[in-house]
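These values consider heavy atoms only, across backbone and side chains, with no hydrogens, waters or symmetry-generated copies. These numbers were taken from a predicted model, which means no experiment stands behind them. Quick note: residue numbers are just sequence positions, from 1.
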Amino acid sequence: LAIDAPVALAPYVAAKGSIAVDGVSLTVNGVAGARFHVNLIPHTLKVTTLGRLGKGARVNLEVDLVARYVARLLAA
């Protein structure tokens, strides 16, 4: 699944980091600019709403808390 993150969230998305997509915690497989990819296994597609997403669907994103802490520390 490829997702285009809002520009404000993109710096907090890192390969092999965590992200929640519509409340489902996933591992980021790859990042290219603001676009990132996650792999979805059949079980996840079956038991979550992610299997029903269509192209261009809007999703709720929650970035990794550790990434936000690191960014805050570096900005200080």
Side-chain angles (χ1 to χ4, degrees):
L1 176 64
I3 298 174
D4 292 320
V7 175
L9 292 183
Y12 304 109
V13 180
K16 306 304 176 198
S18 297
I19 193 155
V21 178
D22 279 352
V24 180
S25 183
L26 300 166
T27 300
V28 177
N29 191 46
V31 178
R35 177 171 285 182
F36 68 92
H37 297 85
V38 293
N39 291 333
L40 300 173
I41 62 172
H43 178 76
T44 301
L45 291 170
K46 181 179 176 183
V47 300
T48 69
T49 59
L50 300 180
R52 295 189 295 271
L53 292 177
K55 185 174 182 175
R58 295 177 60 91
V59 295
N60 182 65
L61 299 177
E62 297 174 49
V63 294
D64 186 69
L65 184 60
V66 174
R68 292 190 301 193
Y69 285 145
V70 169
R72 185 173 176 92
L73 286 171
L74 290 174

Audit row: Leu50, Leu26, side-chain contact (heavy atoms from CB on, under 4.5 Å) steps and yes/no: CA-CA 11 Å; Leu50 300 180; Leu26 300 166; 4.1 Å; yes
Looking at every heavy atom in both Glu62 and Ile19, which two are closest together, and how far apart are they? O-CG1, 3.4 Å
From CA spacing to verdict: side-chain contact (heavy atoms from CB on, under 4.5 Å), Phe36, Leu61: CA-CA 12 Å; Phe36 68 92; Leu61 299 177; 4.0 Å; yes
Looking only at heavy atoms, the pair that brings Gly33 and Ala10 closest together is O-CB, 4.5 Å
To the closest 0.5 Å, what do you measure between NZ (Lys46) and CD1 (Ile41)? 12.0 Å
Is there any side-chain hydrogen bond (donor to acceptor under 3.5 Å, both in side chains) pair reaching into residues 8-35, and which pairs are they, with sequence neighbours excluded? Asp4-Arg35
Going through the checks in order, is the side-chain contact (heavy atoms from CB on, under 4.5 Å) test met by Val70 and Leu74? CA-CA 6 Å; Val70 169; Leu74 290 174; 3.9 Å; yes
Determine, using the 4.5 Å side-chain heavy-atom cutoff (strictly less than), whether Leu9 and Val66 are members of one ILVMFWY cluster. no
Work out which heavy atom in Leu40 is nearest to a heavy atom in Thr44; give both atom names and the distance. CD2-CG2, 4.3 Å
